[in-house]
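To start, the structure under review is shown below, and the notes come after it.
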Number of protein chains: 2
Amino acid sequence: MTKRADKPITLADVARRAGTSTAVVSYVINNGPRPVAAATRERVLAAAAELGYRPNRIARALRSRTTGVVGLVLADASNPYFGALARHVEQALERRDRLTLIGNAGYSADRQRDLVDRFLAAQVDGLVIVSAEGGDDVTDRAEAAGVPAVYVHHGPSDGRARVVAADNHDAVREAVAHLRGHGHRHIAFLGGAHDAGPVAARRTAWEAAVAGDPWAALLRCDYSRAAADSLTRRLAADDALPRALITATDEQAIGVLSGAWASGVAVPGRLAVISLDGTPESAHTAPALTVTRQPLEAMAEQAVELLSGRDSGAPGVHAPLVIRRSCGCDED
Amino acid sequence: MTKRADKPITLADVARRAGTSTAVVSYVINNGPRPVAAATRERVLAAAAELGYRPNRIARALRSRTTGVVGLVLADASNPYFGALARHVEQALERRDRLTLIGNAGYSADRQRDLVDRFLAAQVDGLVIVSAEGGDDVTDRAEAAGVPAVYVHHGPSDGRARVVAADNHDAVREAVAHLRGHGHRHIAFLGGAHDAGPVAARRTAWEAAVAGDPWAALLRCDYSRAAADSLTRRLAADDALPRALITATDEQAIGVLSGAWASGVAVPGRLAVISLDGTPESAHTAPALTVTRQPLEAMAEQAVELLSGRDSGAPGVHAPLVIRRSCGCDED
DNA sequence: CACTGCTATCTAAACGATTAGATGCGATGA
DNA sequence: TCATCGCATCTAATCGTTTAGATAGCAGTG
């Protein structure tokens with residue numbers, strides 16, 4: 001008895017049923033640019049409801065030249081850090097009634113460029129770029145298409161691009177101060193194998209914070225757990241572990257923890273650790289990690305805000321210190 | 001010296017420059033339904049290249065009634081399991097030259113329904129649903145709109161919906177057999193607090209696999225690390241821990257590990273653990289987790305295939321056993 | 001040479017919504 | 001009573017592609 005549903009309902013259908021033109025229906029649907037008499041509005045609303053009318057966003061987009069869709073270029077959704085960021089960006093967009101196109105660029109500048117082109121062809125209203133490194137020419141392409149772009153976790157530093165990131169200097173300073181409070185003199189840092197992206201900034205911040213201490217060691221390895229794990233085992237075997245360590249990412253911190261565990265090194269007794277990341281996971285390691293938590297939600301919100309708003313000069317979002325056990329504190 | 005780029009290039013621009021009609025250009029661009037003389041094709045291609053023409057997908061979508069966009073409804077992208085699944089789905093779609101709209105439903109059936117409606121209004125060509133539980137009425141809505149829908153991690157069991165999932169029975173049987181091989185007689189199971197979704201199937205599979213053993217204990221807690229952690233501490237304090245345990249998810253397994261560590265319980269010596277999940281993380285816990293790895297990539301591929309293809313009756317994807325240390329094996 | 005049959009191309013009507021301009025109508029004021 | 005004003009509404013152009021139907025040119029055939 002139900003109507004055949006394979007013919008989608010259009011504005012014209014609603015207009016016919018309400019006995020008006022498509023224009024009025026449009027005016028009613030989106031409190032149009034012109035007013036509509038109350039009685040007519042009622043009729044239209046009723047007709048729309050009865051027919052189950054759903055505006056076709058594609059048609060609307062073609063005419064109004066705005067799709068309500070934003071492209072999100074992600075390095076890798078299976079990385080929990082990026083995944084969480086993606087989720088917050090999507091939700092910030094949904095709050096503004098926009099949809100999110102997602103794509104994984106997988107750490108490749110080529111693929112990132114490709115994705116951006118595909119998104120631009122889909123007429124996105126904006127681009128949010130959450131990539132590990134590189135991909136700086138994206139700004140040009142987006143600009144050429146007249147589409148605003150915002151980098152979130154890190155971005156080109158030439159000042160032309162809008163970049164939202166945590167205030168690393170601040171965070172590292174706080175972490176160093178905390179470890180000093182535990183009596184540590186020399187605070188080592190575990191960064192990435194190559195200097196690039198936001199971790200370079202974290203290293204710089206660490207260098208500033210420990211300036212004047214020639215014994216503060218700089219360690220390096222890949223951002224994977226495996227790499228940090230084996231580095232830690234190697235250092236433990238050589239008896240070359242520092243007593244206090246700040247890691248650039250949770251992945252590395254967790255690798256350090258498992259490497260230390262495997263080598264019989266006590267954390268935080270023999271080795272105190274603070275990570276500059278703060279994924280939810282960090283609360284459930286053994287021992288629980290003390291971190292400076294990346295303010296993902298605030299960053300996502302600011303990024304989306306920046307997409308529409310004017311150049312609010314993105315002053316860097318504060319990353320709070322979350323004290324757990326790996327630093328030497330004994331809360332429970 | 002460059003052209004003002006704010007006026008996007010259209011088919012008509014290319015046609016004018018090539019001295020043809022828009023029809024031929026269209027035929028050339030997509031090896032149209034009609035042939036074009038070689039010489040003309042060359043001219044068109046040249047003109048398009050010179051102008052940097054990019055077809056407007058929105059206009060194309062409006063006319064051809066197919067957007068090349070698929071909606072991906074996700075419970076929560078910050079969960080690494082879902083994140084990885086999302087990534088594989090996106091990449092399987094990209095291989096077929098389609099774009100992915102993403103949305104986080106956050107374990108709420110209402111939000112899921114809402115998202116599906118938004119996606120349908122955006123005229124998606126298909127829907128991939130990766131949600132934890134519930135949301136079964138989505139099938140109806142999609143069907144009414146004539147859009148194919150596939151559930152991935154779990155879905156309604158009424159047989160009307162297309163569901164791609166790992167073969168849990170098979171996986172659990174293998175895990176139980178392996179633990180028995182280590183000499184364990186009674187193999188406990190840690191499931192979710194409430195019976196629902198795919199974990200119910202895992203529990204059922206476990207019940208089948210340990211049938212006849214009245215001492216095989218069924219434990220329950222939330223899927224969070226915190227819950228599993230505190231449950232483990234409690235059981236350890238009461239000296240009520242089993243000797244061999246299969247957990248429904250890695251999150252729980254990791255919680256068990258940290259709870260055991262905090263309670264001085266040796267894994268795998270006092271408590272052997274196998275998780276039915278297998279996120280990348282499971283390789284880097286202390287000790288490394290033995291798991292039946294969910295075949296995420298294969299599942300994603302099959303889901304996307306199912307979206308276009310006919311009802312290939314989704315026979316369940318095999319989840320291989322990955323032997324590490326938490327089961328009692330001593331590989332290194 | 002008239003006619004048929006191809007091929008290569010052009011013309012123009014969709015797709016479904018938005019919105020500027022035209023229109024109709026009742027109320028108001030002179 | 002007529003011109004005027006405003007409001008509510010209608011008409012139709014438009015966004016950029018796709019594609020069915022019309023057309024033109026040319027070769028082959030009787």
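In what follows, chains carry the letters A, B, and so on, assigned in the order in which the sequence lines appear, proteins first and then strands, with residues in each chain numbered from 1.
Put simply, CD1 on A:I58 is 15 Å from C1' on D:dT18, counting in whole angstrom units. In this structure, the CZ atom of A:R54 is 17 Å from the P atom of C:dG16, given to the nearest Å. Look at CD1 on A:I9: it is 14 Å from P on C:dC15, rounded to the nearest Å. Atom C1' of nucleotide D:dT9 and atom CZ of A:R43 are separated by 11 Å, given to the nearest angstrom. Rounded to a whole Å, the CZ atom of B:R16 is 11 Å from the P atom of D:dG16. Nucleotide D:dT18 holds its C1' atom 9 Å from the CZ atom of B:R60, rounded to whole Å. The CG-P distance, from B:L62 to D:dT14, rounds to 17 Å in whole Å. Put simply, CG on B:L11 is 19 Å from P on C:dA14, counting in whole angstrom units.
The shortest distance between side-chain heavy atoms of A:Y107 and A:N79 falls below 4.5 Å. You'll find the side chain of B:V28 stays beyond 4.5 Å of the side chain of B:V25, heavy atoms only.
Comparing D:dT18, C:dG16, C:dT18 by their closest approach to the side chain of B:S26 singles out D:dT18. When the nucleotides C:dA17, C:dC10, D:dT9 are ranked by their closest atom to the side chain of A:A37, D:dT9 comes out on top. Comparing D:dT17, C:dA17, D:dC10 against the side chain of A:A23 picks out D:dC10 as the nearest. Closest to the side chain of A:T22, out of D:dT17, C:dA17, C:dT18, is C:dT18. Side-chain atoms of B:Y27 lie closest to D:dA20 of the nucleotides C:dC15, D:dA20, D:dT17.
Residue-level contact check: B:S21 touches the bases, meaning some heavy atom is under 4.0 Å from a base atom.
Residue A:R34 places a side-chain atom within donor-acceptor reach of the base of D:dT9, judged by atom type and a 3.5 Å distance cut-off alone. Side chain A:R63 to base C:dT18: a donor-acceptor pair is found below 3.5 Å.
Nearest heavy atom pair, residue A:G71 against residue A:V124, reads N-CG1, 3.8 Å.
Where B:A38 and B:S64 each meet DNA chain C at their nearest nucleotide, the meeting point lying more 5' is that of B:A38. Projected onto DNA chain C by closest heavy-atom contact, B:R41 and A:R57 fall at different nucleotides, the more 5' of which corresponds to B:R41.
The phosphate of D:dT9 (OP1 or OP2) has a side-chain N or O of A:T40 nearer than 4.0 angstrom. Phosphate proximity of C:dC15 to B:R65: absent, as no side-chain N or O sits under 4.0 Å from OP1 or OP2. Contact between the side-chain N/O atoms of B:N56 and the OP1/OP2 oxygens of D:dC15 is not found at any separation under 4.0 Å.
Only one option out of A:H88, A:H154, A:H153 pairs with A:Y81 in a ring-ring contact (aromatic ring centres under 6.0 Å, His included); it is A:H153.
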Exercise. Evaluate the side chain to side chain donor-acceptor pair (under 3.5 Å) criterion for residues B:S108 and B:D110: first the C-alpha distance (whole Å), next the side-chain angles of each, then the deciding distance (0.1 Å), finally the verdict.
Key: CA-CA 5 Å; B:S108 142; B:D110 276 355; 5.3 Å; no
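With no hydrogens or angles considered, no side-chain donor-acceptor pair links A:S131 and A:Y151 at under 3.5 Å.
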